[in-house]
Amino acid sequence: MNREVRVRFAPSPTGALHIGGVRTALYNYLFAKKNGGKFLLRIEDTDQTRFVPGAEKYIKDALEWLNISPDESPWNPGDCGPYRQSERKAMYMDYALDLLEKGHAYYAFDTPEELEAMRERLTAARVVSPQYNSITRTQMKNSLTLPADEVAARLASGEPYVIRVKIPRKEEVRLQDKVRGWVMVHSSTLDDKVLMKSDGMPTYHLANIVDDHLMNITHVIRGEEWLPSAPLHVLLYRYFGWEDTMPEFAHLPLLLKPDGNGKLSKRDAEKHGFPLFPLSWQDPVSGQIADGFKEGGYLPDAFLNFLAFLGWNPGDHRELFTLDELVEAFSIERIGKSGTKFDINKAKWYNEQYLRRKSDAELAAYLTEGMEAEGLQIPMEKAEKIAAIMKERATFPADLWKEGQFMVIAPESFDQEIAAKRWNEDSVKVLSVFKDILEELEGELLAPQAKELLNQAAETAEVKLGKIMQAVRLAITGIGAGPDLMEVFEILGKQELIKRITFALNTLEIKG
RNA sequence: GGUCCGUUCGUCUAGGGGUUAGGACGUAUCCCUUUCACGGAUAAAACACGGGUUCGAUUCCCGUACGGACUACCA
């Protein structure tokens with residue numbers, strides 16, 4: 001039986017989508033597309049207390065920014081809706097009842113206090129892992145220990161209850177993970193997880209099995225934090241009688257912090273000054289703003305490429321992949337097993353690579369964006385020229401303006417250190433002659449000609465050009481480093497050059 | 001604590017019973033460049049440890065150490 005590949009990304013709307021979640025979404029997307037299947041998104045909002053307004057919109061926007069939008073989702077439903085678990089609420093109880101009838105689940109009436117007391121009792125008795133299981137359930141208030149009529153009475157009276165799965169005492173549970181191979185767990189280490197909560201909502205464990213089955217999910221690709229509960233999920237598929245269509249599992253390695261060890265956290269992001277979220281996010285409660293890669297100047301393609309390589313590689317030495325190329329190259333078999341430390345340097349490198357591959361016109365648009373913020377405007381032709389000579393030195397689009405603005409705004413002051421070291425009588429001589437030459441010049445000044453004329457000026461002044469180049473740069477740009485000066489001359493034009501040289505000659509003083 | 005998962009240069013990783021253990025980022029040096037950057041070249045840099053199995057283990061097995069995840073009426 002060859003089923004159409006269907007995978008899902010199933011975030012819960014509890015805040016901004018973490019970069020690890022984005023990678024999970026990406027791998028799901030890549031796998032679906034590679035296999036000609038469908039990528040769906042399901043909102044796992046069964047915990048009403050953790051709902052955060054705006055979180056779902058954030059998820060949608062983030063995936064859109066990266067161009068990996070799902071084929072089916074709450075805002076673009078397919079045939080398996082609804083795509084929010086809260087809207088599927090009504091269906092879960094039937095499935096829980098089905099398990100109950102089959103003897104694989106039971107009602108439990110224990111209060112939170114009683115559960116806490118049980119855990120304390122077990123801890124005091126030095127039980128290694130205090131949990132609700134095949135042993136302890138015999139001492140708790142549930143439909144396994146209470147008489148049938150009392151259970152019926154409690155249910156009829158509206159007393160709060162949960163439905164728990166009845167985990168067998170001794171059973172080996174095996175599952176094949178596509179990343180890790182066979183994983184074996186003994187049922188005695190599992191506990192009787194709650195399936196239906198007292199508020200009538202299912203827990204994740206029930207909901208994800210029911211929904212994955214109903215949505216014909218063929219592969220579950222999710223974070224490694226789910227591996228410990230995967231055996232429970234296998235058991236549930238078995239109890240429902242869905243084993244033959246049970247999805248295959250692939251548990252992704254975790255994203256770790258850049259220094260030391262441990263899971264990547266918000267604190268690390270702040271400490272190292274890099275974003276943790278695709279888009280910036282303002283927490284609706286605290287009002288705190290978390291940085292986003294988008295706002296930080298990361299290009300979506302570059303970010304995606306970087307993310308894809310955090311835990312996966314194509315097996316050859318290629319590094320730069322478009323989204324289509326990633327789809328083509330992707331396979332679950334090439335996902336690594338071990339946790340991955342997050343290195344922002346590599347992300348920056350990817351950004352540079354992608355930035356340099358952009359056309360001058362695209363880059364010019366970034367440049368003018370920065371200028372508009374300061375109320376400045378220049379002809380597109382000039383913007384393209386500036387972008388062209390600036391792109392080799394930019395990491396982010398904003399650098400184009402930040403580091404290239406001297407070509408639009410004349411310097412009002414000069415780098416003191418360079419001035420002290422390089423500004424001398426020779427540079428004054430050459431620049432004075434050069435200025436005179438420019439004033440005589442007719443027509444446009446082009447880069448090769450500029451070089452010729454400057455050489456001429458140096459000869460006239462009897463100065464070696466190499467000795468004063470730095471000073472010339474300083475006079476024109478105010479700083480000691482930048483793109484090819486002759487290109488800068490051409491962009492600035494004759495009049496502007498004369499103006500700047502005059503200003504420099506009048507302002508800079510010869511030291512020592 | 002228990003269960004599960006993991007461990008190749010600083011980082012991301014390739015590889016796999018016999019290799020000079022390969023690449024990329026970062027770092028250093030050199031070249032190019034009348035600056036800086038880009039680009040090019042070179043260098044330093046790794047199989048966690050201990051036992052097996054084997055003619056031979058970084059590779060297979062078992063331990064140990066270390067790290068991580070999970071251990072809720074959260075997902």
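Each chain gets a letter, A, B and so on, in the order its sequence line appears, and its residues count up from 1.
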Trainee: Please report the distance separating the P of A46(B) from the corresponding atom of G67(B), rounded so that it comes out in whole Å.
Mentor: 23 Å
Trainee: Under 4.0 Å from any atom of RNA chain B, heavy atoms only: list the residues of residues 192-203 of chain A that qualify, in numerical order.
Mentor: V194(A), K197(A), S198(A), P202(A), T203(A)
Trainee: Just to verify, which of R42(A), K89(A), R84(A) counts as forming a salt bridge (Lys or Arg N to Asp or Glu O under 4.0 Å) with D211(A)?
Mentor: R42(A)
Trainee: Give none if U53(B) has no partner; otherwise give the nucleotide forming a Watson-Crick or G-U wobble pair with it, both distances under 3.5 Å.
Mentor: none
Trainee: Does a side-chain N-to-carboxylate-O contact under 4.0 Å join D343(A) and K341(A)?
Mentor: no
Trainee: Between N313(A) and A14(B), does any side-chain N or O lie under 4.0 Å from OP1 or OP2?
Mentor: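 N313(A) to A14(B) OP1/OP2: side-chain N or O found under 4.0 Å.
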Trainee: Can you list, in residue-number order, the parts of residues 451-459 of chain A that come under 4.0 Å of RNA chain B, counting heavy atoms only?
Mentor: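 When residues 451-459 of chain A is checked for heavy atoms under 4.0 Å from RNA chain B, the hits, listed by number, are K451(A), N455(A).
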Trainee: Quick test of your reading of the model: are K464(A) and D426(A) salt-bridged, counting only N-O distances below 4.0 Å?
Mentor: no
Trainee: For A14(B), which nucleotide is its Watson-Crick or G-U wobble mate, given both distances must be under 3.5 Å?
Mentor: none
Trainee: Please classify the nucleic acid contact of R126(A) as base, sugar-phosphate, or nothing, using heavy-atom distances under 4.0 Å.
Mentor: nothing
Trainee: Which is it for F330(A) and W312(A) under the ring pair (Phe, Tyr, Trp, His ring centres under 6.0 Å) test, yes or no, and what are the steps along the way?
Mentor: CA-CA 8 Å; F330(A) 189 78; W312(A) 171 87; 5.7 Å; yes
Trainee: So, OP1 or OP2 of A75(B): does either fall under 4.0 Å of a side-chain N or O from T46(A)?
Mentor: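 For T46(A), the contact criterion (side-chain N or O under 4.0 Å from OP1 or OP2 of A75(B)) is met.
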Trainee: Could you walk me through whether Y27(A) and F9(A) pass the side-chain contact (heavy atoms from CB on, under 4.5 Å) check?
Mentor: CA-CA 9 Å; Y27(A) 283 10; F9(A) 176 53; over 6 Å; no
Trainee: Give one of base, sugar-phosphate or nothing for R222(A), where a contact means two heavy atoms less than 4.0 Å apart.
Mentor: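 Answer is nothing: R222(A) stays at 4.0 Å or more from every strand.
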Trainee: Are the aromatic ring centres of F489(A) and F434(A) under 6.0 angstrom apart?
Mentor: yes
Trainee: Whom does U58(B) pair with, Watson-Crick or G-U wobble, provided both distances fall under 3.5 Å?
Mentor: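 In the structure as shown, U58(B) has no Watson-Crick or wobble partner.
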Trainee: Against the six-membered ring of Y354(A), is R356(A) placed for a cation-pi contact (under 6.0 Å from the centre, within 45° of the normal)?
Mentor: no
Trainee: Do the ring centers of F274(A) and F293(A) come within less than 6.0 Å of each other?
Mentor: no
Trainee: Could you tell me whether P160(A) contacts a base, only the sugar-phosphate backbone, or nothing, with contacts defined as non-hydrogen atoms closer than 4.0 Å?
Mentor: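 It contacts nothing in the nucleic acid.
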Trainee: Checking side-chain hydrogen bond (donor to acceptor under 3.5 Å, both in side chains) against D212(A), which of H219(A), H233(A), R8(A) comes through?
Mentor: R8(A)
Trainee: Just compare G22(B), C73(B), C74(B) and give me whichever is closest to any side-chain atom of D47(A).
Mentor: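 Closest nucleotide among those given: C74(B).
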Trainee: What about W281(A) and Y58(A), are their ring centers closer than 6.0 Å?
Mentor: yes
Trainee: Are Y298(A) and F306(A) close enough that their ring centers fall under 6.0 Å?
Mentor: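 That pair fails the under 6.0 Å test.
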Trainee: Could you check whether E490(A) pairs with K385(A) (Lys NZ or Arg NE/NH1/NH2 to Asp/Glu carboxylate O, under 4.0 Å)?
Mentor: yes
Trainee: What does D484(A) touch in the nucleic acid at a heavy-atom separation under 4.0 angstrom: a base, only the sugar-phosphate, or nothing?
Mentor: base
Trainee: From CG of L310(A) over to C1' of U13(B), roughly how many Å is that when rounded to an integer?
Mentor: 11 Å
Trainee: Encode nucleotides 3-11 of chain B as B, S and - characters from 5' to 3', where the letter depends on protein heavy atoms closer than 4.0 Å: B to the base, S only to sugar-phosphate, - to neither.
Mentor: SSSSS---S
Trainee: R119(A) near the nucleic acid: base, sugar-phosphate alone, or nothing, with a heavy-atom cut-off under 4.0 Å?
Mentor: sugar-phosphate
Trainee: Tell me if the centroids of the rings in F396(A) and W401(A) come within less than 6.0 Å of each other.
Mentor: no
Trainee: Got a sec? Which of residues 8-23 of chain A come in under 4.0 Å of RNA chain B, heavy atoms?
Mentor: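 Per residue number, the list reads S12(A).
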Trainee: Between G18(B) and C25(B), how far apart are the C1' atoms? Round to whole Å, please.
Mentor: 32 Å
Trainee: Check every strand shown and say whether G311(A) touches a base, only sugar-phosphate, or nothing at a heavy-atom separation below 4.0 Å.
Mentor: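 The residue G311(A) makes sugar-phosphate contact but no base contact.
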Trainee: Which base, if any, makes a Watson-Crick or G-U wobble pair with G1(B), both distances under 3.5 Å?
Mentor: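 U71(B) is the nucleotide pairing with G1(B).
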Trainee: Between C5(B) and A43(B), how far is it from one C1' atom to the other, in whole Å?
Mentor: 37 Å
Trainee: Need one value for F309(A): base, sugar-phosphate or nothing, where a base atom within 4.0 Å counts as base even if backbone is also close, heavy atoms only.
Mentor: sugar-phosphate
Trainee: Strictly by Watson-Crick or wobble contacts shorter than 3.5 Å, is anything paired with U7(B), and which nucleotide is it?
Mentor: A65(B)
Trainee: Could you list the residues that satisfy salt bridge (charged side-chain N to carboxylate O under 4.0 Å, His left out) with E172(A), not counting sequence neighbours?
Mentor: none
Trainee: What donor-acceptor contacts under 3.5 angstrom involve side-chain atoms of residues 160-169 of chain A, with partners at least two apart or in another chain?
Mentor:
{"residue": "R164(A)", "atom": "NH1", "partner": "D192(A)", "partner atom": "O", "Å": "2.7"}

